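Report on one structure; see the data block that follows.
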Amino acid sequence: MAQRPRTINEAARTMLECAACEGVELAWERLEAMQPQCGFGKLGVCCTICAMGPCRIDPFGMGPQEGVCGATAATIVARNLARKIASGCSAHSDHGRTVAHALLLAAEHPESGYRIKDERKLRRLAEEFGIAHEGRSAEAVAKELAEACLGEFGKLHGELVMAQRAPEPRKAIWRELGIMPGAIDREVVQLLHQTNMGVDADAKNLLLSGMRCALADGWGGSMIATDLQDVLFGSPKPLRTRTNLGVLKEDHVNVIVHGHEPVLSDMLAEASRDPEILAKAREVGAQGIQLAGICCTGNEVLMRRGIPPAGSFLHQELAVLTGAVDAMVVDVQCWMPGLTRLAQLFHTRFITTSPKAKHPGVEHIEFEEQRAYEIAKTILLRAIEAFPKRDPAKINIPKHEVDVIAGFTAEYVYTLLGGKYRPSYRPLNDAIIAGRIRGVAGVVGCENPHLTQGWGHVEMMKELIRNDVLVVATGCSALAAAREGLLTPEAAFIHGGRGLAEVCEAVGMPPVLHVGSCVDNSRILIACCEILKEGGLGSDISDLPVAGAAPEWMSEKAITIGFYVVASGIFTIFGQPQPVMGSPEVRDLMCRQFEEIVGGYYAFEADPVKAAQLMIAHMNKKREALKLRPMMYEPAAEMTMASE
Ligand code: NFS
């Protein structure tokens, strides 16, 4: 049987060949060594919640159908899934909390190095939170806003402030179902309690609570992260830079920032321009410092500072293999412990920085927001020390890099489409109503060595834009698209349908808009609200011709995102199924009954072109319900089946 290619990306392929020659083991080899993987775990029917187990349900109906406590497959699957939602919500929300702390610091201790960069957004948020701001200093307002946001995690009463941004009919559904989120931490705690041994055994009830917790992420923790990052680090605006491993420079000290929270990476970006640091770099023979990103912290500094992304999730090990990474600096989430051993084969300084994320044998330079700039400089000095220790024989930087335009936000769409003098969502709504644009798809999420890296994202996006669907992308999906040149206006003419290409040409925008990191999926929710407010496309998010997808997902965070997107009323496709296939009851809930309950529902489809067709069919259904005009141009009937 022909082996599935590991990646669609040329630079990654070069590095994988180099790894194979050197006998270095990466995630792909570790995956192979793991075969066969546990089928019970994959189906979600293995329960380790109490010590009467581990229990597992026989999916073929030949063995036990209940755990020792009597829990059925549905209970076990739903409980396991709910715990993953709680974990994903924790990760994003803790990120939001960190940013709120940094904002508080900026307000109270300007000497910390953090500054308020978007005062307009600060004041707008203050109004939303009921904080008086007129005639008050930005710092005074920021202090109150940061405290109010921190309060959202543990407040005793009421609903999340940002969840009020949702359209009225949506909020009515959430209240009716009892899934309107309250305090963020409480939603996580309640879900963990509910999934304890001997508490909730009702799959539907568990998944509804899962939705409430997920909504506390999407319309709470993640939204706080996004908005406060805009206040603190500046609201992104479209900018052009380069991406892929070729952005690493042989004659520069290369520092990779990897992880998620820009409180560190933004400060490293600032410190990398410090004259003292640059002088030190020159002393060791380097021309300067090249900062490059991996994963979502890479997206954060890409959007705001134009720092080039070296790659996405599966590029992390490949970057070290170039032999030219002097320091790999990680904070939280999505870094592989396998990096530790790999970095030891090279001169690369692998540095952890968060008290929440350490690994034996790894240098730990703890990041403290109060001394952010000083610590950022210390980290850069470590990289400079490493530079002369490079082994020239091991240096192999693939020459691949391409143009990328990134930095779109829900707010920026106003100017993008409406122009500077008539900022408005009207042109977007009109293009949808007139049938020039079929709808909008959010394609997001991770990469997974189970699939050919980038294949799912890129083939899905190509099929969508070919059918006049505007794509918004975040996280590693956006980075995969960037590497294959989809984030440039030219891509509209090469791959786009005629209607979409006309719109892209008129405003000079790419057919795939990079809207940020994974917490920035909240921007997509807000864009949906703005489209509704503009009028003509229904009254609830579930009325809109929109869909979401995570074709190569792997993280628990992706499950949480999926749940808040579905609970917000949006049809969502995951490539690999979530671990629920061991319970037909849970699968039916998610893939069918959810539509009646919340308007949004799931499909699992690994073929990205077929998945795109499902999204298109969904958009057509919504267009019909809205009685919109037929599409102006239908693409040629031939459907290029994706082949792995
Ligand atoms: Ni999202 Fe971003 Fe990438 Fe997946 Fe990880 S970096 S927060 S979880 S792997 S998209």
Side-chain angles (χ1 to χ4, degrees), residues 7 9 12 27 31 84-85 87-96 98-99 214 217-218 221-223 225-226 229 243 256-262 264-265 292-303 309-319 328-339 354 356-357 406 442-451 453-454 456-458 460-461 472-483 514-524 548-565 572 574-576 578:
T7 181
N9 184 246
L31 174 65
K84 289 185 184 301
I85 296 172
S87 165
C89 175
S90 308
H92 284 151
S93 301
D94 218 29
H95 174 164
T98 302
V99 185
D217 172 3
S222 280
M223 214 169 253
T226 295
Q229 280 170 186
T243 182
I256 290 208
V257 287
H258 175 17
H260 283 78
E261 296 175 352
L264 167 67
S265 53
I294 296 244
C295 283
C296 279
T297 210
N299 279 321
E300 302 283 4
V301 286
L302 158 67
M303 301 247 293
S312 43
F313 179 65
L314 285 176
H315 267 57
Q316 58 186 289
E317 292 182 297
L318 307 180
M328 165 84 81
V329 188
V330 301
D331 52 44
V332 287
Q333 303 167 23
C334 296
W335 63 270
M336 295 190 195
L339 281 174
S354 164
K356 294 169 218 166
V443 183
V444 309
C446 325
E447 292 165 344
N448 187 326
H450 276 295
L451 302 163
Q453 182 202 24
H457 296 297
V458 170
M460 174 179 283
M461 288 183 196
V472 289
T474 60
C476 292
S477 182
L479 295 173
R483 281 196 299 271
H514 184 308
V515 296
S517 64
C518 288
V519 291
D520 290 337
N521 284 320
S522 59
R523 296 191 197 277
I524 302 178
E552 301 179 30
W553 77 279
M554 65 85 205
S555 165
E556 286 171 324
K557 291 177 285 175
I559 293 185
T560 315
I561 294 168
F563 260 79
Y564 73 64
V565 171
T572 299
F574 270 49
Q576 295 200 104
Q578 293 185 16

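When a ligand or atom number is given, it counts from 1 through the structure's own listing order. Every value quoted in this text rests on a predicted model; they were computed, and no experiment measured them.
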In terms of side-chain heavy atoms, does [X] have a donor or acceptor partner in [Y] at a distance below 3.5 Å?
X: H450; Y: E552; value: no
X: N521; Y: T474; value: yes
X: Q333; Y: H258; value: no
X: T560; Y: D217; value: no

CA sep, side-chain torsions, deciding dist, call: I524, V515, side chain to side chain contact (heavy atoms under 4.5 Å, CB included) | CA-CA 8 Å; I524 302 178; V515 296; 4.0 Å; yes
Below 4.0 Å from any atom of ligand 1, is there a heavy atom belonging to G445?
->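 It does; at least one heavy atom falls under 4.0 Å.
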Taking 2.8 Å as the cut-off, does an N/O/S atom of C518 lie below it from atom 1 (Ni) of ligand 1?
->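 Looking at C518, which is the residue asked about, there is an N, O or S atom under 2.8 Å from atom 1 (Ni) of ligand 1.
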Gap separating the CH2 atom of W335 from the OG atom of S354, nearest 0.5 angstrom =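 Between atom CH2 of W335 and atom OG of S354 there are 9.5 Å.
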Roughly how far apart are K356 NZ and D331 CG, rounded to 0.5 Å?
->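 Taking NZ in K356 and CG in D331, the distance rounds to 9.5 Å.
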For atom 5 (Fe) of ligand 1, what is the nearest protein heavy atom, given as residue, atom name and distance?
->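 Checking every protein heavy atom, the shortest distance to atom 5 (Fe) of ligand 1 gives C334 SG, 2.2 Å.
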Could you check atom 4 (Fe) of ligand 1 against the protein and tell me its nearest heavy-atom contact, residue, atom and distance included?
->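 The closest heavy atom on the protein side is C446 SG, 2.5 Å.
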Please state which part of C296 comes within less than 4.0 Å of ligand 1, counting heavy atoms only: side chain, backbone, both or neither.
->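 Both backbone and side chain.
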How does S555 reach ligand 1, by side chain, by backbone, by both or by neither, if only non-hydrogen atoms under 4.0 Å count?
->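 The side chain, only.
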Flag C476 as yes if one of its N/O/S atoms falls below 2.8 Å of atom 3 (Fe) of ligand 1, otherwise no.
->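 Checking atom 3 (Fe) of ligand 1 against C476, an N, O or S atom does fall under 2.8 Å.
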Identify which of E556, Q316, H260, M554 has a heavy atom lying nearest to atom 6 (S) of ligand 1.
->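 Minimum heavy-atom distance to atom 6 (S) of ligand 1 goes to H260.
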Enumerate the atoms of ligand 1 whose separation from the nearest heavy atom of F313 is less than 4.0 angstrom.
->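 Answer for ligand 1: 9 (S).
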